[in-house]
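Worksheet for the structure shown next.
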Amino acid sequence: MTRTLPSQYDPFDAEPRWQRFWEEHRFYTPAADDPGEPFSIVLPPPNVTGSLHMGHALCFTLPDVVVRYKRMKGFKTLWIPGTDHASIAVHTLIEKALRKEGTSRFGLGREKFLERAWAWKDQSHGEITGQLRRLGLSLDWTRECFTLDEQRSRAVVTVFIDLFKKGLIYRGKYLVNWCTASQTAVSDLEVDEKEVKGHLWHLRYPVIGSEESLVVATTRPETMLGDTGIAVNPADPRYRHLIGREVLLPIMNRQIPIVGDPAVEMDFGSGAVKVTPAHDQNDFEIGERHHLQLINLLNPDGTYNENAGPFAGQDRFDVRKGVVQLAEEAGWLVKTEDYTHNVPYSERGGVPVEPYLSDQWFMNVSGMAERALKAFDEEQLPTFVPERWGKVYRDWLIRLRPWCISRQLWWGHRIPAWHVVGQSVPPIVTTDEISAYAEAHKLYGPDVKLERDEDVLDTWFSSGLWPFSTLGWPDQTEDFKAFYPNSLMSTGFDIIFFWVARMTMLSGEFTGQSPFHTVYINGLVRDEKGQKMSKSKGNGIDPIELMDRYGTDALRYTLVREVTGAGQDVRIDYNRAKKESNAVDASKRFANKIWNASRFVLMKLDDLTPVQLGAPEPEHLDLPARWILARLDETSRELNTLLDRYALGEAARTLYEFIWDDFCDWYVELAKPRLEEASTRRVTQQVLAYVLDHLLRLLHPWMPHLSEEIWQLLHQPQQATSISIQPYPSGEATPQTVPATFALMQQVVRTIRNLRAFAQVPPLQSVPEVLLHSANPEERTALESTRDYILYLGRVEALHLSEQTEGDLKRVAAGVTGTVQVLLPLAGLVDVEELSTKLGRSLDKLKSETATLQGRLENADYIQRAPAEKVAETRTKLTELEAQAALLQEQLARLV
RNA sequence: GGGCGUAUAACUCAGCGGCUAGAGUGCAGUCCUCACACGACUGAAGUCACAAGUUCGAAUCUUGUUACGCCCACCA
């Protein structure tokens, strides 16, 4: 009885089946006290802003390959999934929706707004977790987290209070990047510079008590209304004498001082700079150094306030026009130049950000950064793969500035601080309102009234705690003890600053160690034109579309296979109209190839499992069996080495070659006749079953569903188990060398096939005989031992082995491989001319090769300096090539 | 202004001191062989961007040049 399987693999049937199976049976849910060395990792939480894109698919599939490998290697493996509340992103989405409905968050109120946000989150979360499952990731869903859930919120509050008590979180009036669209502060990292064609306006301010005047250049003339100083370089001979004097600021008619500051570039513009400390970061710093006044001109919505004199109430862009017009009319506009410069835009709001003076919460991270630097420099923690990203990380840590952690939004972790109404005293920072009042009463008497701070925390505050908050911290849970620190973090290089650095800093502060040992940095996914996929460009490819067409395993395999040097970008060819991708299609065909090879094996096993068949016994093995088993071990060893180095793509390619070239094209073909013969059937079954079993395990990290499907068919397990928890082949059990005779046989077969094609013999037609000539007796013995294989694979009826060339070469197709001459006698005359050309070309190539090698050997330096083994190698090679050339020459000679 | 990456077959990419520089796709030829036409076999296809250097030996290391791409930075 044989099993009948469809001739095409159907991923759409198999994949959801195994995904449910894995989750139901909790193969990926380790207990904290399970035996084994831990291997732990957390999923970089996707934003609940919508659905996943190709970048996610790549970023999550890569670690899944590692995680599945480690689990099979016997590690106690934990991979925790989760999602991120994405404060500003979700907030912006909801506000956009409200605007369409003709209202705003202020019209709706905080409570209703948050209801909307939670509803949005639920929907997006459902979509995302569905996609994560569809990708076949071996996540432990029983431990799923959300950055805004109760336990994670506890971690956030704990950290906030602690850092506040240490004085590392503080509140103050500082210049922040203000997004006038979402009316919140944003961090430096959330600002994108855009090149904009603007103007450089030169304005003249008269120096008081002098005939002189100073010309300043500016790209934002409207800010002159808030100027409180002029700065020049103290080394500048043009202006040195004016330091300490004052100019009269037009429009506002304010007297403002001229100060000397080395930050001023003498070569740029006029060499004199207007200083607006409340509206420019540089100016703010100059202002601090020289105790200049701060005048805020801006309202949160981007209009100018009462400090703007005649321009109060106007929008910032209108004020610019107004000021320029006034300057022109009054004659203090010296000139206007076209000027292309970078303008900071709010990443989320899409409008130019304004440096804005406001009350914000900050985190002083300098101490934490120092600690992270020390861990990196002294212990290589974390270790970056590839290494070069470590430098990027390091440079960033050195230049860190205080982190603005407050956002004037509603969706997020509300800051746990209560302000005392009507009193200018420090806020009370604590866990909840009741304890806030308790403390307030103690400090300020029974009548105080408190108001909770309106702001929420930057999203990255909670993400920064992710490696340990997901393990239950601040509680000292069993999970935390067993699985912290994490073994690996896999993420894109674009968030090394946003995220990786913040995790290492906060982890150092709160857990005393690096949150993870290794950081694996993956590249971007690019589209068919090589452009970065992004929502704004609309060139994203939905991974679901590719999975719908080709199956999950095909997509996974493609993504990983295309990743070569880790951190390199991945380009997916894609025909948008047809929704087709050659690369993914190739992987699908690989999957189908494996399916069919397995189908063949299963049909030939007489319904016996590998266990029932027993392992192949070394003493009964023939050459092909010894060869494929040795190649299996060799491949296993290579895969282990490569995977340990995170060379996931290279490992994928190595396995591909083994499965397709060695197993399918050579071993399975040779197994066919041996299965027909009673005496060799059993051992061949054993080898086929054994190799299939092991190659499936080798394959499992990349193609979990396909490998599981076949493995289950092969083993017919009586109880629920999974290939994903079977040992990964190490290749160390039988470290045999690959038999060289097999390679000789392959060469001869290839040459025969080549000659057949040359003589236009159809693939299925047998040729009556082939003559092999070799002067080497050992080689003849080796060839003799592979006679059957050559006959079968070459479709030859008879093989004549001899020491010397014989026969009429006008009636043969001839070729040479190594030192073996292969002659294929033909029924008719060969096209002598064509054969001569062909052989002549081979000979020319050989001769140039030979010349190269000869030249090398004639070089005394080479003999002296190159390693002896290389020299010996060259000699052997040369002898071989010369013999080959001689054979070819002889053939050619006999042709004419 | 600093820093990084990439340039190899028509296309997408491997190889990163010593194999006759490889794969997949595409192309050409022969075949629907009882696992697979999502397949088998065979073939054609390359000044390894350019230049100089180091080395016995360079696609591979160094320097420079060119082209493309990315990151960081307070020249108003």
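Chain letters run A, B, ... following the sequence lines, proteins first, then strands; residues in each count from 1.
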Practice item. Could you check how far CH2 of A:W499 sits from P of B:C71, rounded to whole Å? Key: 20 Å

Point to revise | Spacing between A:H341 atom NE2 and B:C74 atom C1', to the nearest angstrom | key: 14 Å

Point to revise | Side chain A:R756, main chain A:G794, donor-acceptor under 3.5 Å | key: yes

Review point. Expressed as a whole number of Å, how far does the C1' atom of B:A49 sit from that of B:A58?
Key: 16 Å

Check your understanding: A:F590 CZ to B:G24 P: how many Å, rounded?
Key -> 12 Å

Check your understanding: Can A:D548 and A:K579 be said to form a salt bridge (charged side-chain N to carboxylate O under 4.0 Å, His left out), step by step?
Key -> CA-CA 10 Å; A:D548 279 346; A:K579 297 187 178 177; over 6 Å; no

Practice item. Assign A:R220 to base, sugar-phosphate, or nothing according to its heavy-atom contacts below 4.0 angstrom with the strands shown. Key: nothing

**Study point:** Identity of whatever pairs with B:A67 - Watson-Crick or G-U, under 3.5 angstrom
**Key:** B:U6

Practice item. Provide, to the nearest angstrom, the distance between the CD atom belonging to A:E650 and the P atom belonging to B:G24. Key: 16 Å

Review point. With a non-hydrogen cut-off below 4.0 angstrom, is A:A583 in contact with a base, only sugar-phosphate, or nothing?
Key: nothing

Exercise for review: If B:G1 has a Watson-Crick or G-U wobble mate with both distances under 3.5 Å, name it; if not, just say none.
Suggested key: B:C72

Practice item. Output yes when at least one side-chain N/O atom of A:R561 is less than 4.0 Å from OP1 or OP2 of B:A23, else no. Key: no

Check your understanding: Once you round it to whole Å, what is the distance between P of B:C74 and CZ of A:R401?
Key -> 6 Å

Review point. Would you say A:N859 reaches B:G57's phosphate, i.e. side-chain N/O to OP1/OP2 under 4.0 Å?
Key: no

Check your understanding: Distance check: side-chain N/O of A:W660 vs OP1/OP2 of B:A40, anything under 4.0 Å?
Key -> yes

Check your understanding: Within the structure, does a side-chain N or O atom of A:K672 lie under 4.0 Å from either OP1 or OP2 of B:A35?
Key -> yes

Review point. Using a cut-off of 4.0 Å on non-hydrogen atoms, how would the nucleic acid contact of A:Y9 be classed: base, sugar-phosphate, or nothing?
Key: nothing

Check your understanding: Between B:G18 and A:Y862, is there an OP1 or OP2 to side-chain N/O distance shorter than 4.0 Å?
Key -> no

Exercise for review: Please check the phosphate of B:C36 (OP1 and OP2 only) for any side-chain N or O of A:R589 closer than 4.0 Å.
Suggested key: no

Practice item. Check whether any side-chain heavy atom of A:R561 sits under 4.5 Å from a side-chain heavy atom of A:L655, and report yes or no. Key: no

Check your understanding: Rounding to a whole Å, what distance do you find between A:L881:CG and B:C19:C1'?
Key -> 11 Å

Exercise for review: Examine B:G17: is either OP1 or OP2 under 4.0 Å from a nitrogen or oxygen in the side chain of A:K870? Give yes or no.
Suggested key: no

Point to revise | Protein-nucleotide distance (A:Q765, atom CD; B:C32, atom P), rounded to Å | key: 12 Å

Practice item. Using a heavy-atom cut-off of under 4.0 Å over every strand shown, decide if A:D573 touches base, sugar-phosphate, or nothing. Key: nothing

Check your understanding: From B:G24, B:C36, B:G18, pick the nucleotide closest to the side chain of A:R599?
Key -> B:C36

Check your understanding: For A:D665, which contact category applies under a 4.0 Å heavy-atom criterion: base, sugar-phosphate, or nothing?
Key -> sugar-phosphate

Review point. For B:U20, which nucleotide in any strand shown is its Watson-Crick or wobble partner with both distances under 3.5 Å?
Key: none

Review point. Atom CG of A:D395 to atom P of B:G1: distance rounded to whole Å?
Key: 19 Å

Point to revise | Pairing of A:D606 and A:R681 as salt bridge, 4.0 angstrom limit | key: yes

Check your understanding: With a non-hydrogen cut-off below 4.0 angstrom, is A:K391 in contact with a base, only sugar-phosphate, or nothing?
Key -> sugar-phosphate

Review point. Under 4.0 angstrom, heavy atoms only, what part of the nucleic acid is A:F284 near: base, sugar-phosphate, or nothing?
Key: nothing

